[in-house]
**Q** 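Structure below; questions to follow.
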Amino acid sequence: FEHRDLQQIIAATARDPEHSAVFKHASELWSHQFYWSRLTPGGRQPPSDLVGWVAREFGSFESFEEHFVARANGIWGSGWTWLVLDRSTDLKLRVVNSTGTTHPLSVGLVPLLGVDMWERAYWSDHAADRSAYVRAALGQADWEQVGADLLAAAEHADEHAKLKYIVRLSAREMERLRTTMVTHGTIELTEELTLGKIGLDGGMGGGGAAAEDSNLDV
């Protein structure tokens, strides 16, 4: 592995017991470099593109932050909490946890933001209050860079994933329209709208590469 970059090493050693130590060192080194590169004193406000994308997935940016904190608190022991883009299905933003034996890069996810949840990262400033630590980290995040990373990652996704993302958003808008029309008594629909009926549900219900990896807490 001498002449490979860290991402290549992580991908090559993730499921190889013979090189588990190499994987752990490479993934922790990459994760820490990435963690610090997405923090900046005082933080930077998220651009509108990122706010809109997050709102479509989590309801609002505030809801996303609460979800991120809850996921981080759900780690038993040490690990990392990540905001990632899943390009294997329909460009879905997800919040996942990883441990010393897993990593988003090893299952095809694109990390956009990571927070170190090892005890050494937060104890000196926050003691056992992990929620305060995570909120402080999110408050120092360079959301401009996160937004740029998201757009770049989406641009390089395959056309199939882009199409599924558009269809998923369209289906969501159709469902909202259906609800509005039913509420106002202008139409009756007896069946729920599902993408499965048009053959485009591939993994949108929480599946995908990460969900299939039992060690990655999704």
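Any value given below was found using the heavy atoms of this structure, including those in side chains, with hydrogens, waters and symmetry copies removed.
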**Q** What closest approach, in Å, do E119 and S78 show between heavy atoms, and which atom pair accounts for it?
**A**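 Heavy atoms only, the tightest pair is N-OG, 4.2 Å.
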
**Q** Among side-chain atoms of H19 and D16, is any donor-acceptor pair under 3.5 angstrom?
**A**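 On atom types as modelled, these side chains qualify, holding a pair under 3.5 Å.
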
**Q** Apply the side-chain contact (heavy atoms from CB on, under 4.5 Å) test between E57 and each candidate in K92, H67, R94; give the one that qualifies.
**A**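 With E57 as partner, K92, H67, R94 yield a single side-chain contact (heavy atoms from CB on, under 4.5 Å), made by K92.
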
**Q** Heavy-atom distance under 4.5 Å between the side chains of W53 and L150, does that happen here?
**A**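 With C-beta onward as the side chain, the pair touches.
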
**Q** For E28, is there any backbone N or O sitting under 3.5 Å from a side-chain donor or acceptor partner on H32?
**A**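 Yes; at least one donor-acceptor contact below 3.5 Å.
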
**Q** Kindly compute the distance separating NZ (K24) from CG (L29), expressed to the nearest 0.5 Å.
**A**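 The NZ atom of K24 sits 16.0 Å away from the CG atom of L29.
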
**Q** Between W30 and F34, what is the ring plane arrangement, given parallel below 30°, perpendicular above 60°, and tilted in between?
**A**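 Ring orientation of W30 relative to F34: parallel.
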
**Q** Looking at NE2 of H25 and OG1 of T13, how far apart are the two atoms once the value is rounded to the nearest 0.5 Å?
**A**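 One gets 11.0 Å once the value is rounded to the nearest 0.5 Å.
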
**Q** With a 6.0 Å cut-off on the ring centroids, do Y133 and W123 count as close?
**A**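 Judged by ring-centre distance (under 6.0 Å), Y133 and W123 do not meet the cut-off.
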
**Q** Between R71 and V96, which heavy-atom pair has the shortest distance, and what is it?
**A**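 Result for this residue pair: NH2-CA, 4.2 Å.
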
**Q** Indicate yes or no: does R135 engage E65 in a salt bridge with an N to O separation below 4.0 Å.
**A**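 Looking at R135 and E65, the cut-off is not met.
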
**Q** Using every non-hydrogen atom in the two residues, find where S60 and V54 come nearest and quote the distance to one decimal.
**A**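 Where S60 meets V54 most closely, the heavy atoms are O-CG1, 4.0 Å.
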
**Q** If I take atom CZ from residue R56 and atom CZ from residue F58, how far apart are they, to the nearest 0.5 angstrom?
**A**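 Interatomic distance, R56 CZ to F58 CZ, rounded to 0.5 Å: 12.0 Å.
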
**Q** May I ask you to check whether S131 and N73 show a side-chain donor-acceptor distance below 3.5 Å?
**A**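 Distance-only check passes for S131 and N73.
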
**Q** Counting only N and O atoms by type, is there a donor-acceptor contact under 3.5 Å from the side chain of R87 to the main-chain atoms of A153?
**A**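 Judged by distance alone, yes, a pair lies under 3.5 Å.
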
**Q** CZ/F23 to OG1/T101 distance, rounded to the nearest 0.5 angstrom?
**A**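 Nearest 0.5 Å value for the CZ-OG1 distance: 7.0 Å.
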
**Q** If hydrophobic clusters are built from ILVMFWY residues whose side chains come within less than 4.5 Å, do L109 and I9 share one?
**A**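 No, separate clusters.
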
**Q** Using the rule that two of Ile, Leu, Val, Met, Phe, Trp, Tyr join whenever any of their side-chain heavy atoms come within less than 4.5 Å, decide whether L151 and L85 are in one cluster.
**A**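 Yes; L85 is reachable from L151 via cluster members.
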
**Q** Do H103 and S106 have side-chain heavy atoms sitting under 4.5 Å apart?
**A**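 Yes, at least one pair of side-chain atoms sits under 4.5 Å.
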
**Q** Measure across D116 and W118 and return the closest heavy-atom pair with its distance rounded to 0.1 Å.
**A**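 Distance-wise, the nearest heavy atoms are OD1-N, 2.9 Å.
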
**Q** Which heavy atom of L138 sits nearest a heavy atom of W143, and at what distance?
**A**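 It is O-NE1, 3.3 Å.
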
**Q** Angle between ring planes, W80 versus Y35, binned at 30° and 60°: parallel, tilted or perpendicular?
**A**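 Because their plane-to-plane angle is over 60°, the rings of W80 and Y35 count as perpendicular.
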
**Q** About how many Å separate CG of L83 and CZ of F68, when rounded to the nearest 0.5 Å?
**A**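 It comes to 7.0 Å.
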
**Q** Report whether V22 and L6 are members of the same hydrophobic cluster (ILVMFWY, side-chain heavy atoms less than 4.5 Å apart, transitive linking).
**A**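 Different hydrophobic clusters.
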
**Q** With a 3.5 Å distance limit and no angle check, can you tell me whether R130 reaches the backbone of V69 through a side-chain donor-acceptor pair?
**A**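 The answer is no, because no donor-acceptor pair under 3.5 Å joins these two groups.
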
**Q** When rounded to the nearest 0.5 angstrom, what is the spacing between OG in S37 and CG in D149?
**A**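 Rounded to the nearest 0.5 Å, the OG-CG separation comes out at 8.0 Å.
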
**Q** Evaluate the criterion side chain to side chain contact (heavy atoms under 4.5 Å, CB included) for residue pair T99 and I75; output intermediate values, then yes/no.
**A** CA-CA 9 Å; T99 66; I75 294 178; 5.8 Å; no

**Q** Give the table of side-chain donor-acceptor pairs shorter than 3.5 Å for residues 39-50, with sequence neighbours excluded, one pair per line with atom names and distance.
**A**
residue, atom, partner, partner atom, Å
R44, NH1, D142, OD2, 2.8

**Q** Do the non-hydrogen side-chain atoms of V84 and V95 ever get within less than 4.5 Å of each other?
**A**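 They are not in side-chain contact.
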
**Q** So V134 and T81, do their side chains get closer than 4.5 Å, heavy atoms only?
**A**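 No. Closest side-chain heavy atoms not under 4.5 Å.
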
**Q** Of all heavy-atom pairs between I10 and S27, which one has the smallest distance, and what is that distance?
**A**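 Reported closest heavy-atom pair: CD1-CA, 3.6 Å.
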
